[in-house]
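Model, not experiment: these values are computed from the prediction. Each chain gets a letter, A, B and so on, in the order its sequence line appears, and its residues count up from 1.
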Protein chains: 2
Amino acid sequence: MKLSSQAQAFVLHFGEMGSRWGFNRTVGQMFALLTIHNEPLNADQLAEALKISRGNVSMGLKELQAWRLIELHHQPGDRKDYFTAAGSIWDLARTVFEERRKRELDPTLTLLRQLLLSDPRDQQEAQAQEKIQEVYSLLEMLDQFANTLSRLDEKDLLKLMKLGSGLSKLLELKSRAGITAKKEPKSRKK
Amino acid sequence: MKLSSQAQAFVLHFGEMGSRWGFNRTVGQMFALLTIHNEPLNADQLAEALKISRGNVSMGLKELQAWRLIELHHQPGDRKDYFTAAGSIWDLARTVFEERRKRELDPTLTLLRQLLLSDPRDQQEAQAQEKIQEVYSLLEMLDQFANTLSRLDEKDLLKLMKLGSGLSKLLELKSRAGITAKKEPKSRKK
DNA sequence: TAGAATTTTCAGAAATTTCTGAAACTTAAG
DNA sequence: CTTAAGTTTCAGAAATTTCTGAAAATTCTA
């Protein structure tokens with residue numbers, strides 16, 4: 001396994017960025033490598049290509065599986081486990097997005113929900129709780145929105161992201177849309 | 001400065017989540033505290049409330065300023081620097097969003113752009129570059145979209161996030177919208 | 001069932017990040 | 001000026017995270 005300088009740079013960069021994206025350097029590198037490499041790779045190949053220990057590869061693969069970013073394959077007549085990136089670039093991006101939502105939002109929502117249960121003992125606490133409520137409402141909405149985006153199919157997602165400044169125009173339209181939509185009985189069922 | 005157990009929990013949690021959101025524990029705590037506390041706080045108060053060193057507070061404040069999340073105030077007749085969260089919860093969320101986009105996307109886009117310049121030497125490299133192109137296109141679009149969202153005013157943003165499953169319906173409408181919009185000359189100027 | 005091939009685990013080493021606190025620096029007041 | 005109040009800096013200590021590699025566990029083959 002020799003990496004072209006292109007691949008090398010790509011892999012190293014993803015290693016560096018890894019921490020910002022939620023995993024550590026070697027996990028980032030492994031993911032990057034599995035992403036640009038078309039053929040499945042086994043643990044030894046990864047260890048060799050990235051010059052890291054076999055044990056580290058094993059842990060990294062476990063983590064990438066927890067992220068649902070890679071999948072296991074087998075080559076006929078070979079007992080080794082081979083891995084590839086799980087799906088297209090789009091699939092991967094979507095998965096990262098969903099996983100990050102889970103990890104970055106859910107625990108906070110749970111805590112805030114809890115904090116909002118008990119009622120404030122004094123003025124001071126009342127004000128704090130108000131703020132907590134604001135933070136909660138916002139994060140809750142964000143979470144819902146992220147959810148909505150996750151559910152869009154690729155076509156719609158693409159359409160949405162390509163809208164650019166057309167988005168606000170579309171939103172303006174929105175209030176009228178309900179009416180407009182009703183006015184257009186286009187297709188009945190389905 | 002004594003924190004209610006509510007505030008305590010809020011602050012500690014933001015400390016723990018900090019790393020996932022892009023800053024370290026104490027910076028997360030400082031930010032949380034400035035967010036729920038309505039009055040401006042000075043460095044000594046922060047250090048005392050969070051039981052961390054004065055030096056650490058100074059560094060943390062610098063970082064929060066780099067994130068544009070806090071602002072400096074002065075109390076008449078007091079030479080100390082006082083800080084508050086910069087704006088409403090919405091403002092803060094928006095700022096975090098923008099800063100994260102900068103830190104998580106921009107460096108990668110820059111690198112990938114660069115990698116795409118040189119042309120592949122062999123089959124292997126060609127395939128890798130294809131993948132890199134795919135990743136680039138996706139991240140570029142994501143970046144644009146994040147940009148678009150950042151520019152929306154609060155009203156529109158709220159509308160959009162509240163759409164839920166209405167979003168895909170609105171998108172369906174989109175193709176027709178261009179026409180519809182032109183057909184409605186509603187208001188001329190302003 | 002033995003043993004060979006492969007993967008996983010995990011204690012401690014190495015690397016990295018965060019934090020402290022004393023000293024240096026800055027600014028305003030007297 | 002000189003001094004006092006306040007802030008920043010930064011070397012090294014402490015804490016945390018990551019990584020290694022040998023041993024244990026698992027799985028397949030014969």
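- Residue contacts shown for A:D81 are limited to sugar-phosphate atoms, with no base heavy atom under 4.0 Å away.
- If you walk DNA chain C from 5' to 3' and mark each nucleotide with an atom closer than 4.0 Å to a heavy atom of chain A, the marks span C:dA4 to C:dT16.
- Salt bridge annotation for B:E104-A:R100: present, with a cationic side-chain nitrogen under 4.0 angstrom from a carboxylate oxygen.
- A:D91 places a side-chain N or O within 3.5 Å of a backbone atom of A:S88 that can act as its donor or acceptor partner.
- Rounding to whole angstrom units, NZ of residue A:K80 and P of D:dT27 are separated by 17 Å.
- Of all heavy-atom pairs spanning B:S118 and B:Q129, the tightest one is O-NE2, 2.9 Å.
- With hydrogens and angles ignored, the 3.5 Å screen pairs no side-chain donor or acceptor of A:K80 with any backbone N or O of A:A43.
- Taking atom CG of B:D78 as the reference point, atom P of D:dA5 lies 12 Å away to the nearest angstrom.
- Side-chain contact annotation: B:S137 with B:Q133, donor-acceptor N/O pair under 3.5 Å present.
- The closest side-chain donor-acceptor pair between A:T148 and A:Q144, if any, does not fall under 3.5 angstrom.
- Contact check on B:E99 versus B:R103 returns a salt bridge, with a Lys/Arg side-chain nitrogen under 4.0 Å from an Asp/Glu carboxylate oxygen.
- At whole-Å resolution of the value, NE2 in A:H74 and P in D:dT29 are 11 Å apart.
- Judged by distance alone, with hydrogens and angles left aside, the side-chain atoms of B:R25 form no donor-acceptor pair with the main-chain N or O of B:S19 at under 3.5 Å.
- One N or O on the side chain of B:Q45 and one on the backbone of B:N42 form a donor-acceptor pair closer than 3.5 Å.
- A donor-acceptor pair is defined here as one N or O able to donate and one able to accept, closer than 3.5 Å; such a pair exists between the side chain of A:K159 and the backbone of B:L171.
- A:N42 comes within contact range of no nucleotide atom at all, as no heavy-atom separation falls under 4.0 Å.
- Contact check of residues 24-35 of chain B against DNA chain D (heavy atom, cut-off under 4.0 Å) returns B:R25.
- In this structure a side-chain-to-backbone donor-acceptor pair under 3.5 Å is present from A:R94 to A:S150.
- Of the residues in residues 56-67 of chain B, those with a non-hydrogen atom less than 4.0 angstrom from any atom of DNA chain C are B:N56, B:M59.
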